[in-house]
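Okay, so here's the structure we're looking at.
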Number of protein chains: 4
Amino acid sequence: MSESGPESAKRKQILDGARRVFLSAGFAAASMGEIAREAKVSKGTLYVYFDSKEALFGALIVEAKRETSERLLSLDTELREARDSDIAPFLTMLATGLMEKFRMPNHVSMVRMVMGAADRFPGLARQFYDAGAGYGHARLAAWITEQVAAGRLVAEDADIAAWQFISMCCHPVSARVALGTLPPPDDERIRRTAEAAVSTFLAAYGPR
Amino acid sequence: MSESGPESAKRKQILDGARRVFLSAGFAAASMGEIAREAKVSKGTLYVYFDSKEALFGALIVEAKRETSERLLSLDTELREARDSDIAPFLTMLATGLMEKFRMPNHVSMVRMVMGAADRFPGLARQFYDAGAGYGHARLAAWITEQVAAGRLVAEDADIAAWQFISMCCHPVSARVALGTLPPPDDERIRRTAEAAVSTFLAAYGPR
Amino acid sequence: MSESGPESAKRKQILDGARRVFLSAGFAAASMGEIAREAKVSKGTLYVYFDSKEALFGALIVEAKRETSERLLSLDTELREARDSDIAPFLTMLATGLMEKFRMPNHVSMVRMVMGAADRFPGLARQFYDAGAGYGHARLAAWITEQVAAGRLVAEDADIAAWQFISMCCHPVSARVALGTLPPPDDERIRRTAEAAVSTFLAAYGPR
Amino acid sequence: MSESGPESAKRKQILDGARRVFLSAGFAAASMGEIAREAKVSKGTLYVYFDSKEALFGALIVEAKRETSERLLSLDTELREARDSDIAPFLTMLATGLMEKFRMPNHVSMVRMVMGAADRFPGLARQFYDAGAGYGHARLAAWITEQVAAGRLVAEDADIAAWQFISMCCHPVSARVALGTLPPPDDERIRRTAEAAVSTFLAAYGPR
DNA sequence: GATGAATGAGCCTTCATTCAT
DNA sequence: AATGAATGAAGGCTCATTCAT
């Protein structure tokens with residue numbers, strides 16, 4: 001009794017190999033042979049589980065999307081719990097978490113890969129965005145709206161405010177690391193950048 | 001009298017074809033044959049002007065870098081003239097210009113292409129970043145420092161402040177358009193986002 | 001149960017095709033496409049068994065070298081048995097064998113090919129020489145030394161004497177056939193040339 | 001008043017460049033571009049003087065043939081003068097000259113090149129042979145015939161005798177150097193080999 | 001299900017040759 | 001006569017995909 005569905009162990013083994021190869025080479029430069037070698041299966045087996053190179057790539061993005069979605073569920077929890085806690089410490093934690101995520105080598109590679117493939121696979125890029133940045137932004141905007149309703153923040157456009165906060169955290173990292181191939185920020189720099197983001201955000205939208 | 005130097009017309013013709021192909025396919029997926037077809041020269045001619053596919057790609061980045069540098073010279077002028085003008089209108093103009101640049105299809109494709117190739121050509125990605133985002137950030141930080149000295153702004157860390165302003169303008173666009181393959185923002189959305197960026201920036205660093 | 005080692009049937013099939021093409025065109029003028037066609041395999045299969053055109057060429061030389069080595073083992077046996085037989089008939093047989101070998105079309109082509117590639121592949125040419133002419137000369141020189149010790153020949157320099165005998169047999173054939181593209185000698189001419197070589201050799205080194 | 005005939009200085013300049021390139025690479029691996037560079041003319045000029053790569057190669061062989069012919073005219077003179085001199089010293093001189101010629105790098109390369117191209121250009125190889133080895137052999141055979149007639153040598157088959165003498169000199173050198181890529185013989189080895197050739201030749205065909 | 005040998009289209013690059021100047 | 005830019009046909013090699021075992 002075996003299965004080649006999404007739960008198969010071999011399927012995961014292949015996806016792991018594919019992730020390593022696709023992340024470091026991008027879609028076009030990755031070769032099925034190297035993926036097979038990396039996943040320690042034969043080339044033929046690849047095609048037992050995935051119809052084509054594109055399908056394998058797509059499955060990888062979908063998987064990454066799912067992992068991101070699951071991780072972001074904890075954001076929901078945190079946001080819900082944060083309703084009654086102090087705003088500043090919570091935002092600082094949020095900012096720090098975002099930046100730490102954005103400096104991780106795997107995240108950098110993933111962004112590079114998806115961006116590099118966005119012209120060829122707009123649908124996948126869109127899914128990746130929706131599950132990650134898009135979802136995160138929507139949740140934060142909703143939380144801001146709640147805080148405004150509760151009188152703890154003052155913001156006319158929660159959508160834009162959410163983007164501003166996220167942008168101040170993520171962009172300096174991804175512009176320098178993912179695009180500029182500069183070394184990732186150390187903890188101290190992250191701390192200072194996060195605090196500055198919170199400070200600026202609250203200067204604009206904080207109570208009073 | 002002909003020349004195969006950087007001024008040659010045929011060289012430009014090739015670079016134009018290469019830009020179209022590289023921008024829409026990325027480095028690895030672009031083929032020299034398609035570039036030749038697009039540039040309306042023979043495949044052999046490609047190699048008269050460029051030693052290899054990599055060299056052609058590199059020349060393209062260098063050219064884009066140079067164009068960006070030249071365009072940013074006007075930023076210098078504007079920043080200098082802006083010393084005595086009102087801060088808010090100037091920042092609004094800056095924000096609008098940034099966002100309009102970031103929604104241009106060619107810019108989107110260029111960022112996607114350079115990001116997708118950053119793993120293989122870190123040096124080129126770095127050059128591209130240095131000439132564009134890096135240079136722009138440095139100029140803005142210097143300007144902020146001057147404003148602080150003149151008492152028109154209050155900012156402890158001009159470096160971070162500059163990144164915040166740039167990020168609030170660029171990130172919402174590039175995250176949604178370049179990564180998320182969403183339609184670019186229209187003029188109205190740009191206006192509102194730009195104004196919000198200026199407003200938030202001045203709330204944090206403005207006089208008083 | 002398959003194997004791509006030196007025993008694989010397909011490998012032999014490829015080497016056979018490669019031999020035909022390399023022998024008739026030389027290394028540089030041979031094309032992998034033609035070899036594939038001649039071997040009745042696809043171009044890709046060539047690269048499953050051999051890493052490159054050079055590797056395929058090298059394997060061909062090594063194989064030819066091995067065949068030559070094996071064939072020359074019988075020379076050892078003959079030389080050993082010839083110790084007690086009459087010298088003249090044995091030398092005549094040796095001379096005839098040498099000349100017959102040197103007029104064979106495949107041998108002519110092989111020498112042409114190796115010579116033509118000696119500038120680019122000196123190591124391979126050296127291996128080919130060592131296994132063939134070099135080994136044969138060494139064996140004959142050793143045999144002559146033994147005959148001198150036994151008082152059946154008188155030669156101060158067995159090395160030079162061996163070269164003289166071999167040269168009188170081989171050079172007239174290879175100069176005219178391999179270099180001059182003249183028709184190979186018929187049996188009668190071989191007989192006369194062989195007898196003359198033995199006669200001259202014995203006039204110089206024979207007993208008394 | 002200019003001429004593109006065989007006397008043109010530019011033609012010679014091209015042939016010189018072509019010789020260097022063809023000799024070191026062989027026909028197929030040589031490129032017209034490199035020849036043009038080596039000859040310090042444009043690629044187009046090559047085709048003003050020679051119809052094709054093959055024609056240039058052919059002209060090179062013809063020129064080498066002519067030079068060889070001219071050089072061999074002195075052999076005629078020497079042979080004529082040698083009629084009355086002692087045979088042994090003359091033959092020793094002849095043998096030494098042959099071997100010195102055969103160890104010259106240019107001669108080694110020329111033989112390799114012509115042999116490597118003999119399959120494709122049998123006519124040229126034939127011309128090269130006729131003007132060199134073939135002509136030399138014929139002259140020596142004629143001289144031997146004269147010596148026999150004069151009672152200074154005893155040989156039934158002057159043709160074979162001439163080949164034997166030439167072979168004992170040339171083959172040990174070309175087998176080891178041109179084929180085996182071994183270092184060329186030094187002067188001492190040439191002296192010993194030449195003397196041994198003369199000694200063996202005279203043992204077989206000398207007076208008495 | 002898993003394998004890996006085999007395929008052939010396609011890629012980057014080179015090169016003999018042509019032609020307008 | 002001389003140039004060198006331009007061409008397009010190969011050439012060596014890779015790789016996604018298939019299929020018999």
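By convention in this document, chain letters (A, B, ...) are assigned in the order of the sequence lines, proteins followed by strands, and residues within each chain are numbered from 1.
- By the 4.0 Å N-to-carboxylate-O rule, B/Arg20 lies too far from B/Asp16 to be salt-bridged with it.
- Using a 4.0 Å cut-off, some side-chain N or O of B/Lys53 falls inside it from OP1 or OP2 of E/dC12.
- Note: CD1 (C/Ile14) to P (E/dA5) measures 12 Å, nearest angstrom.
- Here the nucleotide nearest the side chain of B/Ser42, chosen from F/dG8, F/dC13, E/dT13, is F/dG8.
- Nucleotides of DNA chain F nearest to D/Lys40 and B/Thr45 differ in position, and the one nearer the 5' end is that of D/Lys40.
- Within 3.5 Å, a donor on the side chain of A/Lys43 pairs with an acceptor on the base of F/dT17, or the reverse.
- The nucleotide F/dC13 finds its pairing partner in E/dG10, both defining distances of the Watson-Crick or G-U wobble pair being shorter than 3.5 Å.
- Searching all strands for a Watson-Crick or G-U wobble partner of E/dA2 with both distances below 3.5 Å returns F/dT21.
- With distances taken from any side-chain atom of A/Ser52 to the nucleotides F/dA1, F/dT17, F/dT14, the minimum falls on F/dT17.
- Using modelled atom types, one side-chain atom of C/Lys53 and one backbone atom of C/Phe27 make a donor-acceptor pair closer than 3.5 Å.
- Which of F/dG12, E/dA6, E/dA2 sits closest to the side chain of C/Ser31 comes down to F/dG12.
- To the nearest angstrom, P of E/dA16 lies 12 Å from CZ of D/Arg120.
- Looking at the side chain of A/Val48, the nearest of the listed nucleotides F/dA2, E/dG1, F/dT17 is E/dG1.
- No engagement by B/Ala28 is indicated, since no non-hydrogen atom pair under 4.0 Å with the nucleic acid exists.
- Atom CZ in D/Arg11 sits about 16 Å away from atom C1' in F/dA1, given to the nearest Å.
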